[in-house]
Amino acid sequence: MAGCAPSRVASCGPWGGRAALESELSWDGSHYSISSGILPSLGARSNRRVKLRPFIVSPYADRYRCWETFLIILVVYSAWVSPFEFGFIQKPTGALAAVDNVVNAFFAVDIILTFFVAYLDRMTYLLEDDPKRIAWRYTTSWFVLDVASTIPSEFARKILPPDLRSYGFFNMLRLWRLRRVSSLFARLEKDRHFNYFWVRCAKLICVTLFAVHCSACFYYLLADMYPTPTDTWIGNSMPDFHQRGLWIRYVVSVYWSITTLTTVGYGDLHAENTREMIFNILYMLFNLGLTAYLIGNMTNLVVHGTSRTRKYRDTIQAATSFALRNQLPSRLQDQMMSHLCLKFRTDSEGLQQQETLDVLPKAIRSSISQYLFFNLVQKVYLFEGVSNDLIFQLVSEMKAEYFPPREDVILQNEAPTDFYILVIGSAELIELQNGGEQMVGVAKAGDVVGEIGVLCYRPQLFTVRTKSLCQLLRMNRTAFLSLVQSNVADGTIIMNNLIRLLKQQNDNSVMMGVLKEYENMLARGRLDLPVTLCFAVNKGDDFMLHQLLKRGLDPNESDNNGHTALHIAASKGDEQCVKLLLEHGADPNARDSEGKVPLWEALCEKQNPVVELLVQSGAGLSSGDVALYSCVAVEENDPELLENIIRYGGNVNSSMKDGTTPLHRAVCDGNVQMVELLLEHGADIDKQDNNGWSARALADQQGHDDIHSLSRSRKAHRQQHASKGTVAPVPIWRFNSEPTMPNIKHEEDAELRGKVVPQKLLRKRVSFQNSLFGVISSSHARQDTGRLLSKGLAGPGSPGCSHGSLVRVTIGCPEKGNAAGKLVLLPRSMTEVLELGARKFGFKPTKVLTTGGAEIDEVELIRDGDHVVLVSDDWAPDVAQLRPNDK
């Protein structure tokens, strides 16, 4: 077998197979069942599914299993007929002898087949498929007995001495085959597809019948071989028993055997000679052990079925006595009885869910809990917006419990040790007022109860009492806080969700009091939940921020994207928070993973007072991605923002990763005003991007005459004053696919800050799908866009939307005799494409076609560098006319 060891099959791949357990586990085609108590070696692997050598049969193959099952039927026949022939038949005659030979033939085939059946090595727990090893193992173990039990009776009579030529004497060796029946019952007892009670009963019945049958045959043989037939147990009551029919003699023998086994007595059949007495003594000693075995097994089966009921009755009796002795109120007595009855019902119906989970490894428990409860917990208001990792950890720690109707789950003013999530059923929220109970709400499936007491660490506000049969998930406070403290960002979301719920209860004085107390505890750091500077800044709570800074929190702490509290405060325009952070050493030029600094955040939101504070503290834009800032200002057509960028240290000639400058963007957008502003502030019109395109070349190629005029005047001005020569523009026939503009990754915690990312932060990108790097990066861009769209933060022109970026295509118009076309930037919609064609060619097209004549319905189907043609509805195109002339 290629790829495997020549003598032992270990594995044919990195994983090999299932855990090796042949001695402990047997395979029945769909599941494992335990067959013995021998444990496999640690790390042992099974390979029931690997390919064995040619002509070697797996012991777990379905066809071999069917063959073994068929042999079991033949073993049952042999177990009955061998003792019968030994005691009652003198020589082989008739159909019985023919059937014996047929059965022997089948077992002879099995002997040959065994030489080709792999076996599991008990030392390595690997399937052994070496024919020599298989043959040696078989011939040194059971081969001799198997062959002896298969020899035909006719042949045995010829080779045996005359005194031993009884027909059935040699046949008794066939009882060796009973080992197969023993293995069968051992496997069935542990097979979950078969009822254990009935399998055990069937085994006990078979053992009893076999003992009765064998003893009857042996006892009759003593009488048959005795010299004086009338001095035997059967001859005493039936002197002519040799002349009686075979059936009569067998029935009488079985009658004696069963009365002896059941100790009924010997009123009519009893021992008459010494041989029979000795046999009776041995048989009755055997019956003592067999009777004890039968009674013990039947007792265990019966006790197993009634033990639960007995235990339940004892528990009910003890609970009743306890309630009466302590004079408990009737309501508490009813709750006790209801809970005990429900527990018995769940146990008796096999619903021991928590008990079943507790015996499993933690990984399996976690997987089961995730499958059962993940979607439910994810929809609970308290966990809206938290990461899937935290929810997975939470459901792994939750315990499922059942509560009957009208049972208290939480008591008002009890210690907040747990909170609950309702899976099924409903519960009442009850408040004690003036010595009476008043229902203040109803919790349904998917609601959480007791969370306010746990999170605020105060006595429970309400009593929670079930209205119907409920299943709840219980979460321990200690385990919950331990998980939340290791997930600071998720802890912040949970606190926000709780505060939002409390604020919605503005008509409830109790809830408003809880909210005020909760916020005070947050500010003073008296909660076990993690509180970050970003949380305080998002709330606009300068007092809380001050307290946290006094406790020694790092003023420059940031999230996974490098976003600091100063970024958030600058964006929100919170002067007091900005002052506190700067006073405690916050870095005014901290840069996040997107290249943004606090000053840029303030400029974007027009927070002028905050801008002055930051500038006074030494903030500038040079620490950030200045090219990004300028490109955003150009795209938003915001001259004021661009002026501020230049004023606070921005360089208009800064370029993106692909070499694109703000002037490239302004030319591509045809924005004359921004081009002029950039040129006034020293933008280099001849600076080339990574593909060799300068802003001047782009203006020439796209036919922007006004921009071209500005560029020429700027070029003349530079020739008069510059000390260096000009950079020659790239010829217009040179065209390459351009790399993508660096993608702006949105703040993943933007929702936490209570703001929507402004459209100006969603930059365009250059598409270059024709390059290998473009294919790879575009897949990441689509993933980013999908995440933004799911949050409602992205739209047309967002990063990842290739058709809001620099996609150059050639458009032609064969109706106007211009099939070669013009190179233009691809608009964002098909309507704009048609409008662009109308301006370029002086007619109104209605359809966009490929050079092969296929109509294009979506602008997303057009890629960078494609050639498309514009036609009207009544024009019948010729494919040859659609293709540009190659020159």
Side-chain angles (χ1 to χ4, degrees), residues 353-354 357-401 409-410 414-423 447-461 464 472-502 514 517-519 521-536 544 547-548 551-554 557-560 748-749 752:
Q353 297 188 68
Q354 196 57 50
L357 291 175
D358 289 340
V359 301
L360 298 174
K362 184 176 181 181
I364 298 178
R365 292 201 309 268
S366 300
S367 298
I368 294 174
S369 299
Q370 180 191 18
Y371 176 78
L372 295 175
F373 307 121
F374 186 88
N375 292 334
L376 174 72
V377 176
Q378 196 175 33
K379 296 177 182 178
V380 173
Y381 87 90
L382 198 63
F383 307 118
E384 289 181 358
V386 303
S387 66
N388 290 340
D389 292 339
L390 177 62
I391 297 179
F392 180 82
Q393 297 173 45
L394 289 174
V395 297
S396 300
E397 297 294 333
M398 292 181 177
K399 308 294 183 183
E401 297 180 352
V409 180
I410 296 175
E414 77 173 7
T417 57
D418 305 279
F419 67 90
Y420 298 83
I421 299 174
L422 272 74
V423 180
D447 291 342
V448 57
V449 293
E451 81 285 6
I452 295 178
V454 169
L455 295 178
C456 301
Y457 200 61
R458 56 170 296 160
Q460 295 289 1
L461 299 179
V464 180
L472 300 98
L473 295 178
R474 176 172 59 85
M475 185 70 204
N476 180 263
R477 179 180 187 273
T478 303
F480 173 74
L481 293 179
S482 176
L483 293 175
V484 172
Q485 287 173 355
S486 61
N487 296 270
V488 178
D490 291 330
T492 302
I493 297 175
I494 292 174
M495 288 189 292
N496 278 330
N497 292 337
L498 180 62
I499 292 174
R500 184 172 66 249
L501 175 72
L502 295 175
V514 171
E517 180 181 354
Y518 183 68
E519 291 181 336
M521 295 175 68
L522 274 176
R524 290 169 175 79
R526 297 179 182 176
L527 289 180
D528 293 327
L529 289 172
V531 182
T532 62
L533 298 180
C534 294
F535 175 77
M544 182 189 301
Q547 294 293 327
L548 294 175
R551 287 167 54 190
L553 268 70
D554 183 9
E557 70 176 16
S558 60
D559 57 16
N560 294 334
E748 293 186 356
D749 61 341
L752 303 182

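For the single chain, residues carry numbers from 1 onward in sequence order.
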May I ask you to decide if Thr478's main-chain N or O and Ser482's side chain share a donor-acceptor pair within less than 3.5 Å? no
Residues which pass ring pair (Phe, Tyr, Trp, His ring centres under 6.0 Å) with Phe419, listed by chain and number, not counting sequence neighbours: Phe480
Partner set under side-chain hydrogen bond (donor to acceptor under 3.5 Å, both in side chains) for Asp447, not counting sequence neighbours: none
Tell me, please, which residues at least two apart from Ser366 pass side-chain hydrogen bond (donor to acceptor under 3.5 Å, both in side chains). Ser396
Is [Y] close to [X] at the side-chain level, that is, under 4.5 Å between some pair of heavy atoms?
X      : Y      : value
Ile364 : Ile368 : yes
Asn476 : Glu397 : no
Tyr420 : Val464 : no

Give the C-alpha distance, both sets of side-chain angles, the deciding distance and a yes or no for side-chain contact (heavy atoms from CB on, under 4.5 Å) between Ile494 and Val484. CA-CA 9 Å; Ile494 292 174; Val484 172; 4.0 Å; yes
Write down the atom of Leu483, the atom of Gln393, and the distance for their closest heavy-atom approach. CD2-OE1, 3.3 Å
Residues Arg477 and Val454: closest non-hydrogen pair is NE-O, 3.1 Å
Steps toward side-chain contact (heavy atoms from CB on, under 4.5 Å) verdict (Ile421, Met475): CA-CA 8 Å; Ile421 299 174; Met475 185 70 204; over 6 Å; no
Can you list the residues that meet the side-chain contact (heavy atoms from CB on, under 4.5 Å) rule with Ser387, with sequence neighbours excluded? Asp389, Leu390, Asp490
Acceptor/donor pairs from residues 372-386 side chains to any protein atom, 3.5 angstrom cut, sequence neighbours excluded:
unit_1: Gln378; atom_1: NE2; unit_2: Asn388; atom_2: OD1; d: 3.2
unit_1: Tyr381; atom_1: OH; unit_2: Glu451; atom_2: OE2; d: 2.7

